[in-house]
Amino acid sequence: MRAANGSNPDAPLPCGPMSFDPLVILADRFSKAIAEAFPDAGNPDPMVSAGRNPKFGDFQCNAAMTLAKTLGQSPRDVAKAILAKVDVSDIAEPLTEASIAGPGFINVVLKPSSLGAMLGTLRSGDLGVEPVGKGKTVVVDLCGVNLAKEMHVGHLRSCIIGDSLARTLARVGYTVIRQNHVGDWGLPIAMVTAKLMDVAAAGRDIAHLTLDDLEKLYRGAKIEADADAKGLAAVKRFNLGPKASAELEEQVAGAEQSMAKAKRVLLDLQAHEPKAMSFWQRIVDVTMAACVKTCARLNVIVTTEHSAGESSYAEELAGLVADLEKRGVAEVSAGALVVRVEGIDEPCLVRKTDGAYLYATTDMAAIRRRVQKFGAERVIYCVDQRQALHFKQVFGSATRAGYATRAGAAGPSRLEHAGFGMVLGDDGRPFKTRSGDNVKLADLIDEAIERAERVVSEKSPELSPAERHTVAEAVGVAAIKYADLSSDRVKDYVFNFDRMLAFEGNTGPYLLYALVRVRKILAKAREAGIAGSGIVIAAPEEKTLALQLLRYPGVLASVTASLEPHRLCTYLYELCTSVSVFYDKCPVLSAPDAGTKASRVGLCELTERVLSDALTVLGIKLLDRM
RNA sequence: GUCCCGGUAGCUCAGUUGGAUAGAGCAGCCGCCUUCUAAGCGGCAGGUCGGGCGUUCGAAUCGCCCCCGGGACGCCA
């Protein structure tokens, strides 16, 4: 198990299945050493991490200080005792007292030969990615569009982050089911349907209906609904004299008529009355066609087969609520039906006083379907952080009701809200157009591509116009997506075209640039007939790059657990920086000797694979040239 | 009012399980293309980690109090 044979670089590493990851190997070695040196210390964390500073070595073990506290010994003595027991001679430079630094840090420097062997292991397999999701199903709730509304910045993050999470989970082996919880039911939709029926009745052609037309109808309906509500409020307050309110009353009367009609249409829809349904279906078709198109432009995998609208749960709600009532999970409170969950003060409303169901009711039905019908062990909601309390209530209620538990499962599935912050403008307020409207995603993408195209034309005039456009599409979208993915999900983030499309520094295009440069080297190597060989690490820039590559599986695992894609972004940026330095300092095709050439081509091949893999997981399209 | 989330360089952000001198990018200044794409690389400068107290060998990180900003709080979705 622990046989030291580091002298032979071609021999397989003397470790278990995770033998490519030095972090895992070292943690294991130190863990055993600590157990031998201090048998009574329990099984403490070996606290091995990558070195914070290259001058302190590649890895460090920080266990001595913590251990010293519990043992009442001096940290340096503890470190010495660990050193006496630890055996890393097969992969690292010999550890001596000089390896102990400061209060008791133990610094480890890997042997170049073992680094090469680890890279070989990484390369021969699936980049070291552990299929932790194999045989498991996860549902990812993303996108969340509404009928009769263009996609706007409010959908941007749900699509981009949700898509990346779905890709990450699929990458580690999960069976991923994407669900677009379309807002396609209820009074607002009935209002638009009623309006559309009016338009058609007035003889207007609706064969070429656009989403823009629908959105106008929606706005009109919303204004009337607001007028209706305001009118009622005004009447209730008694403080408007009949004379002063004459005009208002007229408006309100019109609004009341429309609302009455909308409510009739709602009943028709609920009864699946064919005429109302045909108009509703028209709205669905127009909206979803636009949604799917926009998602495709963003390289976000959402198609109509992922649609699971609120309407699809409508028939289940009465039964679900009856079940909750029958089993005493829900109780009547002030006329409404609520579910109370321990630890949450606010009860979860599942039925209004007037008998209608709510958002939470539909979400409970969705959880039941996703867990019990689809068999999800994890259900992930990529939805606005402001809905945190709502999901806390719904998760608690569904779990209490047993809907979150698969048949025969020991415990409930993991229900996770991967919430995200708002998209802000430069003024720190929600990102809007100058006129105060939501920014349409289609316009946002257009602008990013336009800006990218200007830069591509300037930097790469040798490309054909068609290719420039293809590159601009990939670069512009990469810029938007990386900007969104690269900061902590739960925080608000400031949207700024100039920054994300400056194409310098920490941006999506920088990552693509690194990939393109490596791919160019590989293309030229193929032309020259230079094949990649086993990797021999010699130059410091090669070593830095190698250490970064070895981190990849661990980073992927941490995103799988935390649902935080920005960790992968930070890693990718650091990796690309290492690639750039390597590119600068280590010529590949004009390396001094054939052996170095072949080794560096091998290193480029592995780098290309990791870069491509990681960018794909982020949902960024790959390029050969830019 | 109650609860949740934030506050790190001029700006935008990272910061792993509490670890060594708090890091990037942009903006500013100075260098590097006859050589695999300079959308790059190197250097300089820039900090009361919102404030205070505490926990300890060690705190941006944990605890308590306060300040500022945002959000959510039963009949919308």
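Lettering of chains follows the sequences in order, A, B, ..., and the numbering in each one begins at 1. Side-chain atoms are counted along with the backbone in the values below, which use heavy atoms only and exclude waters and symmetry mates.
Considering only side-chain N and O atoms, Lys392(A) lies nowhere under 4.0 angstrom from the phosphate OP1 or OP2 of C73(B). The phosphate of C41(B) (OP1 or OP2) has a side-chain N or O of Tyr510(A) nearer than 4.0 angstrom. Contact annotation: Tyr513(A) side-chain N/O to A39(B) OP1/OP2 distance is under 4.0 Å. Applying the 4.0 Å criterion to OP1 and OP2 of A14(B), one finds that Lys491(A) has a side-chain N or O inside that range. A sub-4.0 Å separation between OP1 or OP2 of C76(B) and a side-chain N or O of His390(A) is absent. OP1 or OP2 of A38(B) has at least one side-chain nitrogen or oxygen of Arg517(A) nearer than 4.0 Å. Side-chain N/O atoms of Ser580(A) include one lying less than 4.0 angstrom from OP1 or OP2 on C41(B).
Atom CD in Glu346(A) sits about 14 Å away from atom P in U2(B), given to the nearest Å. For the pair Lys524(A) NZ and U37(B) C1', the computed distance is 9 Å after rounding to whole Å. Distance OH (Tyr357(A)) to C1' (G74(B)): 17 Å, rounded to an integer number of Å. Summarising the geometry, the separation between NZ on Lys520(A) and P on A39(B) is reported as 13 Å, rounded to the nearest angstrom. Whole-Å rounding puts the Leu545(A) CG to C41(B) P distance at 14 Å. Here C76(B) presents its C1' atom at 10 Å from OH of Tyr218(A), a figure rounded to the nearest Å. The nearest whole Å value for the distance from the CG atom in Leu575(A) to the P atom in G25(B) is 16 Å. What separates CZ of Arg567(A) from P of G15(B) is a distance of 7 Å, to the nearest Å.
When both pairing distances are held under 3.5 Å, U17(B) makes no Watson-Crick or G-U pair with any nucleotide shown. Remark: C53(B) base-pairs with G63(B); criterion is Watson-Crick or G-U wobble with both hydrogen-bond distances under 3.5 Å. Of all nucleotides present, only G25(B) satisfies the Watson-Crick or G-U wobble test against C11(B), with each distance under 3.5 Å. Nucleotide C41(B) has G31(B) as its partner under the Watson-Crick or G-U criteria, with both atom distances under 3.5 Å. Across all strands shown, G69(B) forms a Watson-Crick or G-U wobble pair with C5(B), both key distances being under 3.5 Å.
Residues meeting the ring-ring contact (aromatic ring centres under 6.0 Å, His included) test with Tyr359(A), sequence neighbours left out: His390(A). Not counting sequence neighbours, the partners of Glu331(A) by the side chain to side chain donor-acceptor pair (under 3.5 Å) test are Arg340(A).
Judged by atom type and distance alone, Ser487(A) does not reach the base of C13(B) through any side-chain donor-acceptor pair under 3.5 Å. Evaluation of atom-type donor-acceptor distances gives a pair under 3.5 Å for the side chain of Asn107(A) against the base of A20(B).
Look at Arg600(A) and Glu542(A) and you find a salt bridge, because one of the NZ, NE, NH1 or NH2 atoms lies within 4.0 Å of a carboxylate O, short of that distance. With respect to the salt-bridge test (charged N to carboxylate O, under 4.0 angstrom), the residues Glu608(A) and Arg519(A) qualify. Taking the charged nitrogens against the carboxylate oxygens, Glu215(A) and Arg219(A) do have a contact shorter than 4.0 Å, which makes a salt bridge.
Within 4.0 Å of Val383(A), counting heavy atoms only, lies no atom of the nucleic acid at all. Residue Cys61(A) is out of contact with every strand shown, counting any heavy-atom pair closer than 4.0 Å. Glu574(A) comes within 4.0 angstrom of nothing in the nucleic acid, heavy atoms only.
Results of the side chain to side chain contact (heavy atoms under 4.5 Å, CB included) test with Cys569(A) over Leu511(A), Asp484(A), Leu485(A) single out Leu485(A) as the only residue that passes.
Atom C1' of C53(B) sits at a distance of 28 Å from the matching atom of U16(B), rounded to the whole Å. For the C1' atom pair drawn from C29(B) and A45(B), the interatomic distance equals 8 Å after rounding to whole Å. To the nearest whole angstrom, the two P atoms, one in C62(B) and one in G69(B), are 23 Å apart. Only the P atoms considered, G50(B) is 16 Å distant from C68(B), to the nearest whole Å. Rounded to whole Å, the separation between the P atoms of C44(B) and G19(B) comes to 26 Å. Distance noted for atom C1' between C4(B) and U17(B): 25 Å (whole Å). When the C1' atom is compared between A9(B) and G28(B), the two are found 13 Å apart, to the nearest whole Å. C64(B) and G18(B): their P atoms are spaced 16 Å apart (whole Å).
By the 30° and 60° cut-offs, the orientation of the rings of Phe495(A) relative to Phe497(A) is perpendicular.
In this structure, Asn53(A) and Arg340(A) both approach RNA chain B, and ranking their closest nucleotides by distance from the 5' end singles out Asn53(A).
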Phe59(A) vs Ile25(A), side chain to side chain contact (heavy atoms under 4.5 Å, CB included): CA-CA, chis, key distance, verdict: CA-CA 11 Å; Phe59(A) 294 89; Ile25(A) 299 169; over 6 Å; no
Intermediate values then yes/no, side chain to side chain donor-acceptor pair (under 3.5 Å), Ser99(A) and Asn107(A): CA-CA 5 Å; Ser99(A) 306; Asn107(A) 294 325; over 6 Å; no
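Here A39(B) is the nucleotide among A39(B), G70(B), A72(B) with the atom lying nearest to any side-chain atom of Ser460(A). Candidate nucleotides A20(B), C26(B), A77(B) were compared by shortest atom distance to the side chain of Gln387(A), and A77(B) ranks first. The listed nucleotides are A77(B), G19(B), G42(B); the one nearest the side chain of Val581(A) is G42(B).
Because its glycosidic torsion is within 90° of 0, C33(B) is reported here as syn.
The side-chain tip of Arg517(A) points at the ring of Tyr583(A) from less than 6.0 angstrom away and within 45° of straight on.
Taking every heavy atom of residues 66-76 of chain A and every atom of RNA chain B, pairs under 4.0 Å involve Thr66(A), Lys69(A), by number.
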